[in-house]
Number of protein chains: 2
Amino acid sequence: MLKIGELASLAGVSRDTLRFYEKHGLIIPNQRTESGYRLYSNIDVERISFIVSAKEVGFTLNEIHQLLELEVTKDKKSCQDVKEFVDNKITIVNQRLLEIEKIKHSLQTLSDACCGGDEPATQCTILGALNEQAR
Amino acid sequence: MLKIGELASLAGVSRDTLRFYEKHGLIIPNQRTESGYRLYSNIDVERISFIVSAKEVGFTLNEIHQLLELEVTKDKKSCQDVKEFVDNKITIVNQRLLEIEKIKHSLQTLSDACCGGDEPATQCTILGALNEQAR
DNA sequence: ATAAACCTTGGAGTATAGTCTAGAGTCAAG
DNA sequence: CTTGACTCTAGACTATACTCCAAGGTTTAT
Ligand SMILES: [Zn+2]
Ligand SMILES: [Zn+2]
Ligand SMILES: [Zn+2]
Ligand SMILES: [Zn+2]
């Protein structure tokens, strides 16, 4: 049984983060001491590894919540369910990627058109384009 | 002279958005009526076009604030200053792009390893990987 | 016995970009 | 002269993922 600080340092997150995750239903300590201290088990260390690596892979806490539910009920879920979940996320990430690429190209076009010289920016094509564009 | 609702519909933003922009120093009406109504000029329509298109190109309101300052003082600023600003933004966007690509590849690897079959997910490589990975 | 270290709760603050609401005042038309 | 459309302010609320703080209770070490 681990107290919150022990779990925190084992898992490499802050005590506040653990309480935050608890408030959002991601890890709930299975016991409390008489005085109200949270008590965690070793399984919770793994649970946090799971959260941390899922975060690194780009899942939001909300999605991780759903993933954890898949984890817990994995005998009732199929590989198909899990893969579908990940593939949906890939679709979302792809959309975000396209958006950002579009932004990058717009900025690049803007930059390329500007001479970048020393003269006053009164005729700067960048400022000009931002003024016109929205027509 | 335009009242807030008129400017809003001309510019295609909400009245609330205009007041929000004002609070953040992006557009400040040059006059008020006796009764306190904001009065905008036609120049403000262009100013909002500027904001809207800068937003579309991926600038944050904060950055647009700085861009507007470049705009206003453009006789004191050079093309170089403006281009530098845009190029810095391109660098940031590029970093974000790389991050998201990394996430995409991680997810793809995860997905590819899973059979996606009908059997219970007890042995699912995705769930497995998320449990291990963080070591 | 007492101080340090740790724990508890609730709530506020951070950044982003607004939206929505309430309660009140203003303006034009019928 | 009243109704409806419009405006004002201040403040709350949205989502995301925490972090920090205050004020108090508990444990551990010396
Ligand atoms: Zn130039
Ligand atoms: Zn230029
Ligand atoms: Zn499988
Ligand atoms: Zn699988």
Side-chain angles (χ1 to χ4, degrees), chain A residues 1-40 44 47-48 50-68 89 92-93 95-96 99-100 103, chain B residues 1-40 44 47-48 50-68 89 92-93 95-96 99-100 103:
Chain A
M1 290 292 108
L2 304 161
K3 279 187 288 177
I4 195 167
E6 293 163 343
L7 176 57
S9 61
L10 267 177
V13 298
S14 75
R15 291 181 295 278
D16 272 331
T17 298
L18 289 178
R19 287 186 279 248
F20 177 79
Y21 285 170
E22 179 175 349
K23 198 158 59 183
H24 290 71
L26 293 169
I27 10 132
I28 291 153
N30 40 0
Q31 283 182 52
R32 295 271 186 142
T33 67
E34 291 167 42
S35 52
Y37 285 23
R38 290 167 177 81
L39 289 178
Y40 297 90
D44 290 324
R47 209 170 163 84
I48 292 167
F50 186 96
I51 295 172
V52 169
S53 41
K55 248 164 51 75
E56 274 166 14
V57 169
F59 288 108
T60 66
L61 291 190
N62 217 313
E63 289 162 342
I64 293 169
H65 200 352
Q66 294 168 256
L67 268 172
L68 283 168
K89 182 65 182 181
I92 292 167
V93 168
Q95 283 163 3
R96 186 82 193 107
E99 277 168 32
I100 294 184
I103 285 170
Chain B
M1 291 293 106
L2 304 162
K3 278 187 289 179
I4 196 167
E6 293 162 342
L7 177 57
S9 60
L10 268 177
V13 297
S14 76
R15 292 181 294 276
D16 273 331
T17 299
L18 289 178
R19 287 187 279 249
F20 177 80
Y21 285 171
E22 180 175 348
K23 196 159 60 184
H24 290 70
L26 293 170
I27 10 132
I28 290 153
N30 38 3
Q31 282 184 50
R32 295 270 186 142
T33 66
E34 291 166 42
S35 52
Y37 285 22
R38 291 167 177 80
L39 288 178
Y40 297 92
D44 289 324
R47 209 170 163 84
I48 292 168
F50 186 98
I51 295 171
V52 169
S53 42
K55 248 164 53 75
E56 274 165 15
V57 168
F59 288 108
T60 66
L61 290 189
N62 217 314
E63 290 162 341
I64 293 169
H65 200 354
Q66 293 168 259
L67 268 173
L68 283 167
K89 182 64 183 182
I92 292 167
V93 168
Q95 282 163 2
R96 187 80 192 108
E99 276 169 31
I100 294 184
I103 285 169

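Values reported hereafter were calculated over all heavy atoms of this structure, with side chains retained and with hydrogens, waters and symmetry mates removed. In what follows, chains are A, B, ... by sequence order, proteins preceding strands, each numbered from 1.
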Taking only distance into account, with no hydrogens and no angle test, what donor-acceptor pairs under 3.5 Å do side-chain atoms of residues 4-17 of chain A form with protein atoms, sequence neighbours excluded?
residue: A/E6; atom: OE1; partner: A/K3; partner atom: N; Å: 2.8
residue: A/S9; atom: OG; partner: A/G5; partner atom: O; Å: 3.4
residue: A/S9; atom: OG; partner: A/E6; partner atom: O; Å: 3.2
residue: A/S14; atom: OG; partner: A/D16; partner atom: N; Å: 3.4
residue: A/S14; atom: OG; partner: A/T17; partner atom: N; Å: 3.0
residue: A/S14; atom: OG; partner: A/T17; partner atom: OG1; Å: 2.8

Inset, instruction - Carefully, step by step, assess B/I100 and A/V93 under the rule side-chain contact (heavy atoms from CB on, under 4.5 Å). - result: CA-CA 7 Å; B/I100 294 184; A/V93 168; 3.7 Å; yes
Inset, instruction - Using five pairs at either end of the helix from C/dA1-D/dT30 to C/dG30-D/dC1, determine the angle between the two local helix axes and round it to 10 degrees. - result: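 Computed angle between terminal axes is 30°.
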Output yes when a side-chain donor or acceptor of [X] lies under 3.5 Å from a complementary backbone atom of [Y], and no otherwise.
{"X": "B/K89", "Y": "B/E63", "value": "no"}
{"X": "B/K55", "Y": "B/I64", "value": "no"}
{"X": "A/R47", "Y": "A/L26", "value": "yes"}

Legend entry - Pair B/E22 + B/R32: basic N to acidic O under 4.0 Å: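 Counted as a salt bridge, because a side-chain N and a carboxylate O are separated by less than 4.0 Å.
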Legend entry - Nucleotide range of DNA chain C lying under 4.0 Å from chain A heavy atoms: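 Answer, 5' to 3': C/dC6 to C/dT9.
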Between [Y] and [X], is there a side-chain heavy-atom distance shorter than 4.5 Å?
{"X": "A/Y40", "Y": "A/L18", "result": "yes"}
{"X": "A/Q31", "Y": "A/R38", "result": "no"}
{"X": "A/Y21", "Y": "A/I28", "result": "no"}
{"X": "B/F50", "Y": "B/L67", "result": "yes"}

Inset, instruction - Using a cut-off of strictly less than 4.0 Å between a heavy atom of the residue and any atom of DNA chain D, enumerate the qualifying residues of residues 59-66 of chain B by number. - result: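 The answer is none.
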Inset, instruction - Mind listing the residues from residues 14-22 of chain A sitting with a heavy atom below 4.0 Å of DNA chain D? Number order is fine. - result: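 Hits under 4.0 Å, by residue number: A/S14, A/D16, A/T17, A/F20, A/Y21.
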Legend entry - Atom pair CD1 (B/I103) and CD1 (A/I92), whose distance is rounded to the nearest 0.5 Å: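 The CD1 atom of B/I103 sits 12.5 Å away from the CD1 atom of A/I92.
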Legend entry - Between CG on residue B/L68 and CD1 on residue B/I27, distance to nearest 0.5 Å: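 Result: 9.5 Å between the selected atoms.
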Protein-nucleotide distance ([X], atom [atom1]; [N], atom [atom2]), rounded to Å:
{"X": "A/K23", "N": "D/dC18", "atom1": "NZ", "atom2": "C1'", "value": "9 Å"}
{"X": "B/E6", "N": "D/dA5", "atom1": "CD", "atom2": "P", "value": "16 Å"}
{"X": "A/I51", "N": "D/dA17", "atom1": "CD1", "atom2": "P", "value": "12 Å"}

Could I get a table of every N or O pair under 3.5 Å where one atom is in the protein and the other is in nucleotides 25-27 of chain D?
residue: D/dG25; atom: N2; partner: A/Y37; partner atom: OH; Å: 2.8
residue: D/dT26; atom: O4'; partner: A/Y37; partner atom: OH; Å: 3.2
residue: D/dT26; atom: O3'; partner: A/S35; partner atom: OG; Å: 3.4
residue: D/dT27; atom: OP1; partner: A/S35; partner atom: OG; Å: 3.0

Legend entry - Nearest-nucleotide 5' precedence on DNA chain C, B/K55 against A/R38: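 The residue whose closest nucleotide sits nearer the 5' end is A/R38.
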Inset, instruction - Apply side-chain contact (heavy atoms from CB on, under 4.5 Å) to the pair A/F20 and A/L61, showing each step before the final yes or no. - result: CA-CA 11 Å; A/F20 177 79; A/L61 291 190; 3.5 Å; yes
